[in-house]
Amino acid sequence: MRVIAQIGEWFDARLQLAAPIRDAVEHPVPRNTASWWYVFGSAALVVFLLQLLTGILLALIYVPSAGEAWNSLQSLNHEVALGWFIRALHGWGSNFMLAIVLIHMMQVFLFGAYKFPRELTWIVGVFLLLMTLGMAFTGQVLRFDQDAYWGLGIGASISSRVPVIGPAVVKLLLGGPIIAGATLSRFFTLHVFVIPGLLIGFVCLHLLMVLKLGINEWPMPGRVVKRATYIGEYHELTKTDGAPFFPYAVWKDLFFAASVVLAVAACAMYFGPFGPTGEPDPTIIQTVPKPDYFFLWLYAVLSLLPPSLETPALLIGPVVIILALLLLPFLSGEGEKSWRRRPIAVLTVLVTAVALGTFTRLAEVAPWSPHMNAWSSDPIPERLLTSTTALERQGALVFQAKQCRNCHALGERGGERGPALDRVAGRLTQDQLIRQVIQGGGNMPAYGKNLSPAETTALVAFLQTLHPPGQTPALDASRHSVLGDGADTPPGRR
Amino acid sequence: MSNETKFSRRGLFTKVGILFNGVVAAALAVPIVQYLASSVTRGRANGYLSWVSLGRVNEFPEGETRLATFRNPYVTPTDGKTADTACWVRRIEGDQFQVFAVNCAHLGCPVRWFPQSGLFMCPCHGGAYYRDGSRASGPPERGLFEYPFKVENGEITIHAGELPTPGQTATLAFYRKPPCA
């Protein structure tokens, strides 16, 4: 033991780090911050370290070349011993990191920790969030598969909408005129050098400020932050009701961080790595690209926005959100910290969480996407074909062959782009059906040029049988006076 | 001492030293920026676009729309399969063609042609286009991107080489007629 102590002293005489480290770990924190609510920041840091480690391990095998990346991922998944596990750790680690960063941010927001004097800690945190999102997107590109390839196309399409400099931004982003070798190389540079370097620097700043300014005390309703008095009050609090961070508070951080890493490992072991999906071959177009989990909400928003609002929302929306986050500590740098006295803050968090959750869920179902093979894989339910005329059955055939099923469901199978047609005859009269089929409208293409008159007649005859038993199809009240007695009979049975 | 801090030899040298470093950094920044912006500046000189062949005209039956592939005119050694690009070729009749980019005019996903319903459909956000490339429904604000083409000696060539995106229509023909049922 004496030898170890002597070696320690030898190093410390030169490094002189022991005293500042002891000061840092034993700095007094308010007792009520030793709470399970205060563990997310340290957990995010630990998952970030896990990402650094697994990222370096993956770089041992991964080849950042558009021609080889996909093969090297296959090799990691199938040939290299436990390569799949390291990939899975890195992939699940990224999901966990983003989730924990968001929870951490929500907690900081609800606890008013961004208020004076911790404004800059919050601002650095906003940049850390943006970098984490940047890592998530560039990481998805490095998993160079079909989703990555077409995801880059989506990124390029969005960037191209920037006024004036759009096309130049696209070429800068892609490193050339198309998504190719140079594109992957620059995303590799961003993911492996640029963003992690910035992240490490910003994490250090963030931590430094937590140490210098002290951890945010547990917010009490009525204890109002004032610039003039806060720092004195905080020091008083740590003096009268404080405890050293180590070991008083740190054990909760340790337990939570270890549990999170264990959860990442369990997910990695149980669910395995993400992809890669098909080879990134631009000539294979039979693909349904979707972003990774954390960008699904954006995928949904892009589908649901009216076309005229899309470009403004894409270009102005992020600027407004980021500005709002950056300006928050200046707009409400003082005042109540407790969520009990900040109903708008609580509502903001709830609305954001519900919106993100809803959009993510919608994107999983993607009701706006046609089911590209419904017309050849989902048969028309038998009950809809019994006791029908030859013309109506011919109409069912037209319905299937013209790929109406890709957008319209029957018997709960088929696309959801358009309305389900099981009861359409109750909603639309014969004339309305003909008009809708031929002219389209309300987001339906016009089929006039692709259906012969005979096909249209058959199709509409079939559609008119689609109503619940015992219910009569919708009828135009004026038909009787125009067509006389034959008006009640559908054209197929006239 | 106070005289020294105001204007001393050392103070002057420090300032000149900082200036010297600034000049060196600025000089070095020129090639660095040129290097970084090379992908943009080359494109501005139209160095990416070129006429590429899609094959013999008679490989494309009249009245049909077929998928064709071509090698991107600007290729780097590490491109692998991404050096190839696909496009939809519609031969109306004779030498009348329309060549569409596979990229949806909304956000660039690959559209698929459904000959039975005469529609191009996009799997991402549900954009649909008629056989002539004009917008049928969904989020796209315009029709499919078209490549300029020419037919010479029984061979069809297109002017291609850049990823078609909604913001960059200068080099690509705008869709010609509004959809009409």
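So you know, we letter chains A, B, ... as the sequences are listed, proteins then strands, and number each from 1.
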Among the listed options Ala69(A), Gly181(A), Cys404(A), the residue most often paired with chain B at heavy-atom distances under 4.5 Å
Gly181(A)

Any heavy-atom pair between the side chains of Lys402(A) and Glu455(A) that's under 4.5 Å?
yes

Report, in residue-number order, which members of residues 111-122 of chain B are under 4.5 Å from chain A by heavy-atom distance.
Val111(B), Arg112(B), Phe114(B), Gln116(B), Ser117(B), Gly118(B), Leu119(B), Met121(B), Cys122(B)

Scan for disulfide (SG to SG under 2.5 Å) pairs involving residues 60-109 of chain B, sequence neighbours excluded, and state none if there are none.
Cys109(B)-Cys124(B)

Select one option (side chain, backbone, both, neither) describing which atoms of Asn103(B) are under 4.5 Å from chain A's heavy atoms.
side chain

Name the region of Ala156(A), side chain, backbone, both or neither, that has any atom closer than 4.5 Å to a heavy atom of chain B.
both

Of the backbone (N, CA, C, O) and the side chain (C-beta and beyond), which part of Glu279(A) lies under 4.5 Å from a heavy atom of chain B, both, or neither?
side chain

Heavy atoms only, distances under 4.5 angstrom: which of Thr76(B), Asp84(B), Val75(B), Leu36(B) has the most pairs with chain A? Name it, please.
Asp84(B)

Ion pair Glu162(B)/Lys171(A), N-O distance below 4.0 Å:
yes

Counting heavy-atom pairs under 4.5 Å to chain B, which of Gln286(A), Glu68(A), Met444(A) comes out on top?
Gln286(A)

Counting N and O atoms only, with roles assigned by atom type, does the side chain of Asp145(A) sit under 3.5 Å from a partner on the main chain of Ala148(A), one being a donor and the other an acceptor?
yes

Could you tell me whether a side-chain N or O of Ser134(B) sits under 3.5 Å from a main-chain N or O of Tyr130(B), the two making a donor and an acceptor?
no

Less than 4.5 Å apart, any side-chain heavy atom of Leu142(A) and any of Thr138(A)?
no

Are side-chain heavy atoms of Pro291(A) and Leu296(A) found at a separation under 4.5 Å?
yes

Please determine which of Thr456(A), Thr457(A), Leu463(A) meets the side-chain contact (heavy atoms from CB on, under 4.5 Å) test together with Leu459(A).
Leu463(A)

Can you tell me how far apart CH2 (Trp70(A)) and CZ (Arg143(A)) are? Round to the nearest 0.5 Å.
13.0 Å

Max heavy-atom pair count under 4.5 Å with chain B, selected residue of Val170(A), Val169(A), Val288(A), Asn443(A)
Asn443(A)

Quick check on Tyr299(A) against chain B: is it the side chain, the backbone, both or neither that has a heavy atom closer than 4.5 Å?
both

Per-residue tally against chain A (heavy atom, under 4.5 Å) across Gly126(B), Ala105(B), Gly127(B) peaks at Gly126(B)

Listed pairs under 3.5 Å, donor-acceptor, residues 302-317 of chain A side chains, sequence neighbours left out:
from, atom 1, to, atom 2, distance (Å)
Ser303(A), OG, Trp368(A), NE1, 3.4
Glu310(A), OE1, His106(B), NE2, 2.9
Glu310(A), OE2, Arg161(A), NH1, 3.1
Glu310(A), OE2, Arg161(A), NH2, 3.3
Glu310(A), OE2, His106(B), NE2, 2.6
Thr311(A), OG1, Arg161(A), NH1, 3.1

Give the member of Gly441(A), Ala66(A), Pro177(A) that has the highest number of heavy-atom pairs under 4.5 Å with chain B.
Pro177(A)

Quick check on Trp375(A) against chain B: is it the side chain, the backbone, both or neither that has a heavy atom closer than 4.5 Å?
side chain

When the 4.5 angstrom heavy-atom criterion is applied to Leu67(B) and chain A, the contacting part is side chain

In a table with atom names and distances, give each donor-acceptor pair under 3.5 Å that connects a side chain of residues 149-157 of chain B to protein atoms at least two apart or in another chain.
from, atom 1, to, atom 2, distance (Å)
Glu155(B), OE2, Ser53(B), OG, 2.5
Thr157(B), OG1, Lys150(B), O, 3.4

Inspect the surroundings of CZ in Phe295(A) and state if more than 12 heavy atoms from other residues, nucleotides or ligands are less than 6.0 Å away.
yes

